[in-house]
Amino acid sequence: MAAPAGATVVAATPAAEEARLLRLEEQAEHGGGGAWDYLCLARRLRARRPAHVLRIGLALLNNASARSGLASEQWTLYEQVAVAAMDCQRLDVAKDCIGVLSKQFPGSTRVARLEALLFEAKGEWAEAERAYAQILESNPFDQIVHKRKIAIAKAQGDMSLVVDYLNKYLELFMADHDAWRELAETYVSLQMYKQAAFCYEELILAQPTIPLYHIAYAEVLYTMGGLENLQTAKKYYASAIQLTGGKNTRALFGVCLCTSAINQLTKGRNKEEEGSELQSLAAEALLKDYKQRAPSKVPLISGMLKNMKLS
C-alpha cells in the first residue's frame, strides 16, 4: 500500500535494521520463513554473517521450487552463497556455485572475480594474481580488482608491495579517502614517517573536520621529532581538541606531551609562544576528565603532569 501524498517516510535506523536482520535470521534458521528477505537485507546492510548466510542460502538453493520462484534473482543468490562459502572455507560449495554461474554467464567479469577470489581462498596467490591481471587487461579501472590485489599483498605480508599497489590505486582513484588512510598506516608500520605525513595532509585537505586525521598527523609529526615538527603537532592536537569540543583525551595528552618535549628542546625559553595557556588548559581538562571517568587513575595522571612540569 502506497503512503498517502505528502506523508513523511521515516527511514529505519541502523540499529533497527540490525535488529530486524537478527529477527529474520532466527526465524529463517528455525523454519519460520523469511529466508529470502533475510538474505536480501544482509546484502543491503553488507552484514558479514557468512555461516548464517551459507546455511540459509544453501537451504534455498537445494529447494528446487523455492529456487525457481526467485527467477533471475537466483543468480544473485548463487553469488552470495559462493562468497559466504569462501569465508567459511567451504571451498567445495563455492566451486559448485561459481561453476553454475560460469555456465550461465560465460565470459562475465563478475564471475571471473569470483574465480579469482576462490584462488585467494585456496591460498593460490600466483593464480589469483594472474586472474586479476587478465581482468585488468580488459578493464584497467576495475576498482574492486585493484583492491583485491592490495589484499593479496597484505595477506602475504609484503608491505612494500602493498605500498606500491596502493600508490598505483591512488593514481587512478585519488578521491578514495580510505585508501589514503590505509597507505598512511602502512607507511607508519614501515617507519616511513615523511610519506605518512604527506598522506595525512591529503586527508586533512579533503576532510578538514575529521579530528582523527588531525590526531594521526600530529602523532606522526611528534614521532618524527624536532622543534618545528613538535610545534606543528601541537597545533594539530589543538585543532582536534577544538573539533571535539575539548573532549578528546588523546588530543589532550598530545598537547601535554608536545609541550613537554618543546620545553626540553628550548630549555624553557618557549613560554611566550602564542597559545602558551593551551598546555595548562589541556592539563586541567585531563584531570577533570579522569576525576569523572577514572578517579583511581587521578594520582597517576597528576604525577605525570607534575613530572612534565605542567601542573
Legend entry - Side-chain (T266) to main-chain (I262) donor-acceptor, under 3.5 angstrom: yes
Inset, instruction - Using a cut-off of 6.0 Å, state whether more than 12 heavy atoms not belonging to K235 lie near its atom NZ. - result: no
Legend entry - Side-chain donor-acceptor pair present, Y169, D176, cut-off under 3.5 Å: yes
Inset, instruction - Using the six-membered ring of Y132, assess whether NZ or CZ of K149 lies under 6.0 Å from its centre and within 45 degrees of the ring axis. - result: no
Inset, instruction - Provide the closest heavy-atom pair for C88 versus L54 in the form atom of the first, atom of the second, distance. - result: CB-CD2, 4.1 Å
Inset, instruction - First locate atom OH of Y165, then atom CD of E182, and finally report the distance between them rounded to the nearest 0.5 Å. - result: 14.0 Å
Inset, instruction - Could you pull out the closest heavy-atom pair between L230 and C258, with the gap in Å? - result: O-SG, 3.9 Å
Legend entry - Side-chain H-bond candidate by donor/acceptor type, T249 with R293, under 3.5 Å: yes
Legend entry - Main-chain N/O of L257 paired to S260 side chain as donor or acceptor, under 3.5 Å: no
Legend entry - CD-CD distance between E120 and E129, expressed to the nearest 0.5 angstrom: 8.5 Å
Inset, instruction - Please determine, by modelled atom types, if S65 and N63 share a side-chain donor-acceptor pair under 3.5 angstrom. - result: yes
Legend entry - Aromatic ring proximity Y236/Y217, centre distance under 6.0 Å: yes
Inset, instruction - Would you give the length of the straight line joining atom CD of Q80 to atom CG of L61, rounded to the nearest 0.5 angstrom? - result: 9.5 Å
Inset, instruction - Mark yes when over 12 heavy atoms from residues, nucleotides or ligands other than Q143 sit less than 6.0 Å from its CD; otherwise mark no. - result: yes
Legend entry - Heavy-atom donor-acceptor pair, H214 side chain to P208 backbone, under 3.5 Å: yes
Inset, instruction - Using a 4.5 Å cut-off on heavy atoms from C-beta on, say whether the side chain of L118 contacts that of E115. - result: no
Inset, instruction - Work out which heavy atom in V220 is nearest to a heavy atom in Y193; give both atom names and the distance. - result: CG1-O, 3.4 Å
Inset, instruction - Verify, without hydrogens or angle tests, whether S102 (side chain) and G99 (backbone) share a donor-acceptor contact under 3.5 angstrom. - result: no
Legend entry - L183 CG to E202 CD distance, which is reported to the nearest 0.5 Å: 10.5 Å
Inset, instruction - State, yes or no, whether a side-chain contact exists between N139 and T109 at a heavy-atom distance under 4.5 Å. - result: no
Legend entry - Short side-chain to backbone donor-acceptor contact, W75 and V100, under 3.5 Å: no
Inset, instruction - Please name the pair of heavy atoms, one in A184 and one in A196, separated by the smallest distance, quoted to 0.1 Å. - result: O-CB, 3.6 Å
Inset, instruction - Could you tell me whether E185 and R181 have a side-chain N and a carboxylate O separated by less than 4.0 Å? - result: yes
Legend entry - Heavy-atom side-chain proximity of Q231 to K234 below 4.5 angstrom: no
Inset, instruction - Give the intermediate values and the outcome of side-chain contact (heavy atoms from CB on, under 4.5 Å) for residues L22 and E26. - result: CA-CA 6 Å; L22 295 177; E26 186 175 0; over 6 Å; no
Legend entry - Chi angles and distances behind the side-chain contact (heavy atoms from CB on, under 4.5 Å) call for Q104, Y78: CA-CA 11 Å; Q104 181 65 24; Y78 273 109; over 6 Å; no
Legend entry - Taking every non-hydrogen atom, the tightest pair across Q27 and G33: NE2-O, 3.1 Å
Inset, instruction - Spell out, yes or no, whether L243 and V255 are grouped together once hydrophobic residues are joined by side-chain heavy atoms under 4.5 Å, including indirect joins. - result: no
Inset, instruction - Answer with yes or no whether the hydrophobic clustering places F105 together with I144; edges join I, L, V, M, F, W, Y residues whose side-chain heavy atoms lie under 4.5 Å apart. - result: no
Legend entry - Side-chain ion pair, K247 and D289, N-O less than 4.0 Å: no
Legend entry - Joint cluster assignment, F173 & L170, ILVMFWY side-chain distance < 4.5 Å: yes
Legend entry - Minimum heavy-atom distance between L21 and R49, given as atom pair plus value: CD2-CD, 4.0 Å
Inset, instruction - Please step through salt bridge (charged side-chain N to carboxylate O under 4.0 Å, His left out) for the pair E127 and R130, ending with a clear verdict. - result: CA-CA 5 Å; E127 291 296 329; R130 276 193 285 273; 2.6 Å; yes
Legend entry - E219 side chain near R250 side chain, heavy-atom distance below 4.5 Å: yes
Inset, instruction - Could you tell me whether the side chain of Q207 reaches within less than 4.5 Å of the side chain of I210, counting heavy atoms only? - result: yes
Inset, instruction - Answer yes or no: is there a side-chain heavy-atom contact under 4.5 Å between L114 and V83? - result: yes
Inset, instruction - Assess whether side-chain contact (heavy atoms from CB on, under 4.5 Å) is satisfied between Q191 and T223, documenting all intermediate values. - result: CA-CA 10 Å; Q191 299 182 11; T223 303; over 6 Å; no
Legend entry - Side chain proximity check, E29 to L24, heavy atoms < 4.5 angstrom: no
Legend entry - Hphob cluster co-occupancy, I150 + W125, side-chain heavy atoms under 4.5 angstrom: no
Inset, instruction - Could you tell me whether a side-chain N or O of N248 sits under 3.5 Å from a main-chain N or O of T244, the two making a donor and an acceptor? - result: no
Legend entry - Trace of the side-chain contact (heavy atoms from CB on, under 4.5 Å) decision for E228 with L221: CA-CA 9 Å; E228 186 177 346; L221 293 174; over 6 Å; no
Legend entry - Approximate separation, where rounding is to 0.5 Å, of T232 OG1 and Y237 OH: 12.5 Å
Legend entry - Close side-chain approach of C97 and V93, heavy atoms under 4.5 Å: yes
Inset, instruction - Mark yes or no: R43 above the aromatic ring of W36, with NZ or CZ under 6.0 Å from the six-membered ring centre and no more than 45 degrees from the axis. - result: yes
Inset, instruction - Can you measure from CG (L281) to NZ (K288) and round to the nearest 0.5 angstrom? - result: 11.5 Å
Inset, instruction - Check whether F253 and L287 end up in the same hydrophobic cluster, where Ile, Leu, Val, Met, Phe, Trp and Tyr are linked by side-chain heavy atoms less than 4.5 Å apart. - result: yes
